[in-house]
Each structure stands twice: as structure tokens, then as C-alpha cells.
Amino acid sequence: MASLSADLFYDILKRLDAAALARAGCACADFRAISNEEDLWENACTSLWPSTRLDDVRSLIVSVGGFRKFYADCFTLILNKDVPVVQTNETNPFAEEWAESDYYYDDMDELENSQPSDFVSLIDVWYKDRVLYSKVIWGIPNSDGANGWFYNCPFRIDLFHHSAENNENNNGEVFLSTISDLPLVPSMEQERKDGKLWRELNDGIKLSWIIVNRKMKRAVNLTSWHPLGGQRHWPTDSDFVLRFGSVLPAKEVLPCQVAECILLMKFRMTSMGNEEAGEPLMLALTELSMQIEDMGGVHLNGRCSLLLLKEALSCHRSRNYDEVLESCNLYLKAQSELKEEKIRSECRFDTLCIVSGITIFAAICTMCYRKFENV
């Protein structure tokens, strides 16, 4: 090892991915010194995230701490196990609807570190390690005006309704086909039975949605890499919806203390294909969006959403995907229990109303009967 030159060490390390590069840095002092080179980490980041190849994005990453820090922040995923337990009793506060007056941002200077223009989105989509789509959005779309509708209306970022700037796919059309290793579907009836195409989409699609705050000089990946769930044949037979996301901490913002960042991806079948005629099956990516919901399923407004995105930049993260998936499932379970408790509460209220109505009606009938009896 001592006889090898630093240039040869560098040539060896630049062929590694980021995970292997980090492990190599622990092998010996020479590897550790060379593995700290920013060029190596830049190469690792641009290989993993095509959206980081643009010159202005490169300058952004350098300004927030460099490529090594960027990789450490964005390869790990948000891990949040602090999901409140839903109590199944009549005094359960989570079974009630939260009014906006219950949110905790009134005493916070929410605009100081949460300006929409401070956030940059880096989005990359893969299918079986092949890049389908990359896009960079500077700022939050349609958020002009500090006191405008954005802060009080439901928060949503829709990539396909946003102007195609700094985008490698400027035509806005993204397609998957049997040429890209999609299975051929003989008919929609057969697909409804075996779900082969649906399984291939779930197993093959991968999403990264990174948020960078230029003022705070931090970045976070809001996705779950792979789909957490979805719906096939919704709202039409030819639509397939995949759901990604993460559980965000909201102790300082929402009464429920947690919220979910939902990333939706929708594919629509534009051609069934014909194997004999050599026509490929075609799927078009028609939607890729972000929204944030509380545990009750209510879409948060722009003000709350910006605060949660700011909190997410400094929250706990993990490289263990199974652990992250477990925390997401824990949130979904708590959300399901909350919905069930709300239904039970509504049933109890309806039963109380019916019993009260019957009692009042019986009392009126009794009074009328006695009155006529006395006459």
C-alpha cells in the first residue's frame, strides 16, 4: 500500500459509490485523507441524483456545506417514532376535529426562516435503476405575496402544472413501456386478476424528493425511496397511483404532534400494446405532487406546511430502510385507529340523538294522552 501513489488511490476511490467510499475511508489513513475529497463525493451524488448535475445546483450544494454533507443529509431518510397513541375512550382529544386556531404557530415568527423562495426541490424518478425524470424547482410555485392565498390555502406542489425550467425533460412527457422491461398486459381484465403490471411498478419505481433550504443551509429527503402503497385502476381502469412519503415531526406546530408528507405519482396507460404487431405497452407519468396532511387527513395550508418543512430539515434520520418503513406503518396504523375512533364517536352521538328523540316523542305522546284522558 505504501508504494502506491495518491493518484492511484484517487482513481480507485472514484469508481466507488458513496456507501463504499465511506467504508473505504475507514480502512486506512491514506484512504481516509483521499475519501474526503469533494470531487469524489460530487461524483457519487451526481451518479445517484441526476438533478445535481446542473451548474446552479452544484453552486447551491457547495453553498450549503458541500457534496459530502449533502449526501449524508439526503441519503438517510426521516425516522419519526413519536406517533401519539390513540386512546379509545370518549375523552380522546385526537377523536375531535382540530380547528386552525388550535395550531401553535401564532406565537412563532413563521416567516423568518420559512420563506417559500428559500426552498429548492430536487426531484428524481427511476425505474429499475434507469432515470425516468429529473427536475429542479427554485422556490415554492405560486407562492407570491407574503399575505396572499398561498399561506391560507391547502399546500400542494404539482410538478406537471409547473413551468419546465431547469428540467432535463423539458417536453414534460415521461413514458414507460415494455421496451423498458414492463410486462406485456394481454387485457385489463387479466391485469385486474393477476396484477402483474402493478407489482412491477411497485417493485421497480423509485423516487427521491429533496428539499434544500438556502437560508438554513440544510437539506432533507422527504421520500421513502420505494412506494408505501397505492391504488390500481383508480379513478379509471387505466390509472395507477403510487404513494410515497414520510412522517414529519410537528410538536411545535400541530396538536397531533406529527404529520405526513404525501408524494403521489400517477401513471396512465396510453396504449395496451400488441405483441404480434410489435406495438409496446405505454404508461405515461401524468402526476407527481406533494401535499402535507395531519393525522385527521386534513390538508395543511401553506403556513403550516412551510413550518413543517423547516422542522424536517433538522429531524432524526436513519439509513435503515426497514426501520423507516416501520415508523411509516406505525403512523398509518395510528391514523386508521383515529378514523375508527371518530366513526365510533359519531355512532355514539347518532345513537344518543335517536334515543333522545324517541324519549322526547314518547314524553309528548304521554302528555297528550293524559290531557285527552282528563278531558
Side-chain angles (χ1 to χ4, degrees), residues 74 77-84 94 98 100 103 116 119 121-125 133 135 137 140-143 150 153-162 198 201-202 205-211 220-232 234-235 239-250 253-268 285-313 315 317 321 324-339 342:
C74 301
L77 300 180
I78 294 175
L79 177 64
N80 187 358
K81 293 184 177 181
D82 298 329
V83 178
F94 296 104
W98 294 296
E100 188 173 354
Y103 296 171
F119 291 90
S121 295
L122 310 179
I123 303 102
D124 296 287
V125 181
Y133 183 76
K135 191 165 188 175
I137 301 179
I140 305 293
N142 304 318
S143 59
F150 168 79
C153 290
F155 173 84
R156 181 181 175 91
I157 299 179
D158 197 327
L159 267 64
F160 288 91
H161 290 168
H162 182 59
W198 174 244
L201 280 176
N202 274 277
I205 290 292
K206 187 177 178 182
L207 170 67
S208 171
W209 191 312
I210 296 171
I211 290 287
V220 64
N221 201 333
L222 298 174
T223 189
S224 51
W225 287 120
H226 301 285
L228 297 173
Q231 292 176 282
R232 59 182 180 136
W234 189 91
D239 287 315
F240 301 86
V241 180
L242 299 173
R243 182 187 180 107
F244 303 78
S246 55
V247 181
L248 306 182
V253 184
L254 301 177
C256 55
Q257 303 179 22
V258 290
E260 183 182 15
C261 178
I262 300 173
L263 308 174
L264 289 180
M265 184 185 299
K266 181 186 290 185
F267 286 93
R268 173 165 294 175
L285 180 59
T286 59
E287 179 182 332
L288 184 53
S289 62
M290 175 201 293
Q291 58 195 30
I292 301 178
E293 293 183 355
D294 65 14
M295 282 191 68
V298 177
H299 292 186
L300 300 185
N301 60 25
R303 180 180 288 106
C304 285
S305 297
L306 290 185
L307 288 172
L308 290 182
L309 292 178
K310 183 174 79 72
E311 292 295 321
L313 293 166
C315 68
R317 306 171 206 187
Y321 179 74
V324 172
L325 184 61
E326 181 183 354
S327 69
C328 292
N329 290 334
L330 181 65
Y331 176 88
L332 295 176
K333 180 181 178 181
Q335 189 178 49
S336 177
E337 292 174 352
L338 174 61
K339 291 179 180 178
K342 284 185 177 181

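Start at 1 with the first residue, then count along the sequence.
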Does the side chain of [Y] come within less than 4.5 Å of [X]'s, by heavy atoms?
| X | Y | answer |
| --- | --- | --- |
| Ile211 | Ser121 | yes |
| Val125 | Lys206 | no |
| Val324 | Val247 | no |
| Ile157 | Pro141 | yes |
| Asn301 | Cys304 | yes |
| Ile123 | Trp209 | yes |
| Leu288 | Leu263 | no |

At what distance, to the nearest 0.5 angstrom, does [atom1] of [X] lie from [atom2] of [Y]?
| X | Y | atom1 | atom2 | answer |
| --- | --- | --- | --- | --- |
| Lys266 | Phe160 | NZ | CZ | 12.0 Å |
| Leu330 | Asn80 | CG | CG | 9.0 Å |
| Ile262 | Arg243 | CD1 | CZ | 4.0 Å |
| Leu313 | Phe119 | CG | CZ | 6.0 Å |
| Glu326 | Leu79 | CD | CG | 9.0 Å |
| Met295 | Leu332 | CE | CG | 9.5 Å |

Checklist line | Sole residue of Leu248, Ile210, Leu207, Ile292 in side chain to side chain contact (heavy atoms under 4.5 Å, CB included) with Leu222 | finding: Leu248

Check: Looking at Glu293, His299, Gln291, which hits side chain to side chain contact (heavy atoms under 4.5 Å, CB included) with Pro154?
Finding: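 The single option meeting the side chain to side chain contact (heavy atoms under 4.5 Å, CB included) with Pro154 is His299.
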
Exercise: identify the closest heavy-atom pair between [X] and [Y]:
| X | Y | result |
| --- | --- | --- |
| Pro249 | Cys315 | CG-CB, 3.7 Å |
| Phe244 | Pro227 | CE2-N, 3.3 Å |
| Leu308 | Ala250 | CD2-CB, 3.3 Å |

Margin query: Can you tell me how the ring of Trp198 sits relative to the ring of Phe240, calling it parallel under 30°, perpendicular over 60° and tilted otherwise?
Written below: parallel

Item checked: Plane angle bin for Tyr321 and His226 - parallel if under 30°, tilted between 30 and 60°, otherwise perpendicular -> perpendicular

Note to self: The test is side-chain contact (heavy atoms from CB on, under 4.5 Å); show your working for Arg317 and Val220 and say whether it passes.
What the structure shows: CA-CA 9 Å; Arg317 306 171 206 187; Val220 64; 3.7 Å; yes

Next item on the list: Mark yes or no for whether Ser305, through its side chain, and Phe155, through its backbone, hold a donor-acceptor pair below 3.5 Å.
Entry: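 Answer holds: no.
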
Margin query: Determine whether a donor-acceptor pair (N or O, by modelled atom type, separation under 3.5 Å) exists between the side chain of Ser246 and the backbone of Cys261.
Written below: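 Absent.
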
